[in-house]
Amino acid sequence: MTRQMTGAKMVVQALRDQGVDVVFGYPGGAVLPIYDEIFQQNDIRHILVRHEQGAVHAAEGYARSTGKPGVVLVTSGPGATNAVTGMTDALMDSIPLVVLTGQVPTFMIGNDAFQEADTVGITRPCTKHNWLVSDTARLADTIHQAFHVATSGRPGPVLIDIPKDVQFASADYIPPQKARISHYQPQTKGDTRAITDLVAAMETAKRPIFYTGGGVINSGPEATRLLRELVDATGIPTTSTLMGLGAYPANGPHWLGMLGMHGLYEANMAMHDCDLMINIGARFDDRITGRVDAFSPDSVKAHIDIDPSSINKVIRADIPIVGDIATVLAELLEIWTARGRKVNREAIGKWTAKIAEWKKVDCLKFTQKGGVIKPQYALQRLEALTRDHDRYICTEVGQHQMWAAQYLGFNDPNRWMTSGGLGTMGYGFPASIGVQIAHPEALVINVAGEASWLMNMQEMGTAMQYRLPVKQFILNNERLGMVRQWQELLHGERYSSSWSESLPDFVKLAEAFGAKGIICKDPVDLDDAIMEMLAHDGPVIFDCLVEKHENCFPMIPSGEPHNKMLLGEVSTKDAIKAGGAVLV
């Protein structure tokens with residue numbers, strides 16, 4: 001039996017049938033029929049943000065911390081164009097989103113009507129797929145398709161553009177079980193022959209390494225469980241991209257830390273010198289590979305990924321495996337077990353001992369002295385005082401982001417929300433709002449730089465309206481820190497437009513919104529100030545004044561291979577003694 005309803009009612013019913021419990025959005029004329037339907041129901045909560053970019057980032061935070069798709073509702077024209085940055089961010093980082101945009105009535109499309117934009121054309125490069133629905137009879141089916149596409153295969157954002165007359169007109173509602181989704185069924189099972197080849201390579205490798213990425217987390221809890229089982233059973237050292245932190249626990253015995261441009265010395269050295277590299281759910285992006293022709297030159301490379309376009313895109317894979325991470329790892333463990341669960345234990349023992357020598361370099365070493373807080377010290381203390389909490393960490397983008405990845409430990413997946421591929425300043429604050437909405441009792445901290453944080457500072461209004469106790473931990477160096485670092489190291493110390501001018505008093509800014517503000521200048525006061533932040537039951541802006549010209553190390557300079565790193569206070573002699581090449 002079919003049910004007739006308006007397009008606006010269809011939207012709400014389809015969201016309800018898809019299990020949606022929260023929508024992030026901002027109303028406008030072209031979506032008022034949908035907002036009217038939202039007003040008349042209580043199953044779906046709407047969160048009013050202060051900017052459409054904030055809506056998408058909040059939905060990203062919700063999605064990444066729950067594993068469920070985030071949903072966004074914005075109006076036509078500027079509402080849709082303001083959402084573009086967030087959608088591009090989600091596409092780069094494989095975050096499932098369903099973005100609903102209003103559009104001018106169908107008979108006005110193409111006439112440059114008020115608040116009209118070619119939303120489908122504009123968003124085609126920054127979505128997995130998008131639709132313009134011109135017939136109400138197709139609306140519900142399209143929404144169900146959108147959820148399927150956003151969450152199947154490599155996750156990503158999708159967009160549905162809904163003209164206003166389509167929202168007013170009536171048609172039969174199509175439930176999810178009758179939706180047409182058979183045309184998009186990504187391959188999930190890996191090739192058994194290739195998986196067997198990988199098992200054979202694992203059995204004989206002398207210097208193997210697991211290189212894990214966000215794809216492990218996106219695949220779901222079973223993929224994380226299987227990865228941990230495989231790593232612990234084989235004893236193979238494991239590293240991760242920025243996006244993969246938490247897939248294998250930071251306190252695990254085989255953890256090397258993050259690799260890449262600002263990755264740990266031992267992780268980068270192991271990546272360079274390994275003889276078998278097993279890429280699980282990572283995409284060989286440029287922040288990982290450095291100079292492609294010098295990337296891990298002597299290794300056999302296996303690559304497991306749900307997205308066939310990612311394989312052989314940057315680095316040629318000797319053993320390519322297309323499939324879902326959980327499905328492939330389950331078969332890999334089954335085959336490995338059937339063949340006797342063999343690895344070259346003696347050689348891996350020597351390999352682990354070599355890595356232990358690299359670890360002795362202590363690449364994250366710093367000295368906290370004097371009356372100025374080092375940013376590394378601030379994050380070290382934040383880690384010590386919060387690691388036993390039910391904690392979620394978001395970040396903005398810049399030096400603070402890399403220091404957070406280096407000094408904060410993640411023992412579980414879905415606890416680390418950061419903008420990896422696009423590097424979006426302004427991401428962290430609204431993302432923390434989405435995380436807090438999803439986990440109201442948890443401790444949610446956004447590690448920020450003052451410049452990034454100001455990009456979406458208006459979302460303090462959202463945090464206050466919904467009484468969200470998000471903690472904004474700002475490492476304030478009065479600089480565009482990463483830009484300034486590159487200018488110092490690569491551009492002759494010509495600091496062009498990288499010093500923050502006319503910064504607000506963050507304590508007064510917090511108070512202006514009705515929130516709590518805390519400022520800390522002295523390392524002696526830092527622990528007490530952090531505890532004061534944690535004790536407050538509402539939103540907090542924590543202004544931590546840190547060393548202005550501190551650089552983030554290790555660092556692989558552009559154009560250099562993995563085994564050539566710039567180090568900070570670490571002795572070059574110690575690093576070379578451990579078998580590494582260090583640029584000075």
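Side chains included, hydrogens not; waters and symmetry mates left out as well; all remaining heavy atoms used.
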Taking side chain as C-beta onward, heavy atoms only, is Lys564 less than 4.5 Å from Ile556? no
Non-hydrogen side-chain atoms of Leu242 and Gln401 separated by less than 4.5 Å: yes
So, using side chain to side chain contact (heavy atoms under 4.5 Å, CB included) as the criterion, who are the partners of Glu488 when residues are at least two apart? Arg484, Glu493, Tyr495, Asn551
Scan Leu364, Asn268, Val361 and name whichever one has a side-chain contact (heavy atoms from CB on, under 4.5 Å) with Pro554. Leu364
What one should report as the nearest heavy-atom pair of Trp486 and Ser558 is CH2-OG, 3.5 Å
Side-chain donor/acceptor of Glu560 to backbone N/O of Met565, under 3.5 Å: no
What's the verdict on salt bridge (Lys or Arg N to Asp or Glu O under 4.0 Å) for Glu501 and Arg479, showing C-alpha distance, side-chain angles and the deciding distance? CA-CA 8 Å; Glu501 302 285 352; Arg479 304 287 187 271; over 6 Å; no
Sequence neighbours left out, what passes side chain to side chain contact (heavy atoms under 4.5 Å, CB included) with Met460? Give chain and number order. Phe429, Trp453, Phe513, Ala515, Pro539, Ile541
Show me the pairs that pass salt bridge (charged side-chain N to carboxylate O under 4.0 Å, His left out) and involve residues 413-432, at least two apart or across chains. Asp390-Arg415
Does any N or O in the side chain of Ser498 come within less than 3.5 Å of the main-chain N or O of Leu480, such that one atom is a donor and the other an acceptor? no
Beyond-backbone contact of Trp403 with Cys552, side-chain heavy atoms, under 4.5 angstrom: yes
To the nearest 0.5 angstrom, please state how far the NE2 atom of His57 sits from the OG1 atom of Thr424. 5.0 Å
Applied to residues 46-57, the salt bridge (charged side-chain N to carboxylate O under 4.0 Å, His left out) test, sequence neighbours excluded, yields none
Assess the side chains of Lys369 and Thr367: does a donor N or O sit below 3.5 Å from an acceptor N or O? no
Distance-only polar pair, side chains of Glu478 and Asn476, donor-acceptor under 3.5 Å: no
Ignoring hydrogens and angles, state whether a donor on the side chain of Thr85 or Gln53 is under 3.5 Å from an acceptor on the partner side chain. no
With Glu550, which residues qualify under salt bridge (Lys or Arg N to Asp or Glu O under 4.0 Å), at least two apart? Lys374
Just by modelled atom types, is the Val397 backbone N or O under 3.5 Å from a matching donor or acceptor in the Thr418 side chain? no
N/O donor-acceptor pair under 3.5 Å between Glu60 side chain and Met417 backbone: no
Expected list for residues 278-290: side-chain donor-acceptor pairs under 3.5 angstrom, two or more places apart:
residue: Asn279; atom: OD1; partner: Ala282; partner atom: N; Å: 3.0
residue: Asn279; atom: ND2; partner: Ala282; partner atom: O; Å: 3.3
residue: Asp285; atom: OD2; partner: Arg287; partner atom: N; Å: 3.0

Could you give all pairs that pass the ring pair (Phe, Tyr, Trp, His ring centres under 6.0 Å) test and reach residues 362-401, with sequence neighbours left out? Phe366-Tyr407, Tyr392-His439
Is the side chain of Asn477 donor-acceptor paired with the backbone N or O of Val546 at a distance under 3.5 Å, no angle test? no
Applied to residues 520-539, the side chain to side chain donor-acceptor pair (under 3.5 Å) test, sequence neighbours excluded, yields Arg381-Asp527, Lys516-Glu532
Which salt bridge (charged side-chain N to carboxylate O under 4.0 Å, His left out) pairs, counting each pair once, include a residue from residues 441-459, with sequence neighbours left out? none
Qualifying side chain to side chain donor-acceptor pair (under 3.5 Å) pairs with a residue from residues 242-254, counting only residues at least two apart or across chains: Asp232-Tyr248
Ile217 meets the side chain to side chain contact (heavy atoms under 4.5 Å, CB included) criterion, sequence neighbours left out, with Ala247, Pro413, Asn414
Can any side-chain N or O of Asp305 pair as donor or acceptor with the backbone N or O of Ser310 at less than 3.5 Å? no
So the salt bridge (charged side-chain N to carboxylate O under 4.0 Å, His left out) pairs with at least one residue in residues 83-95 (sequence neighbours excluded) are Arg64-Asp93
Taking Glu396 for its side chain and Met425 for its backbone only, find out whether a donor-acceptor pair lies under 3.5 Å. no
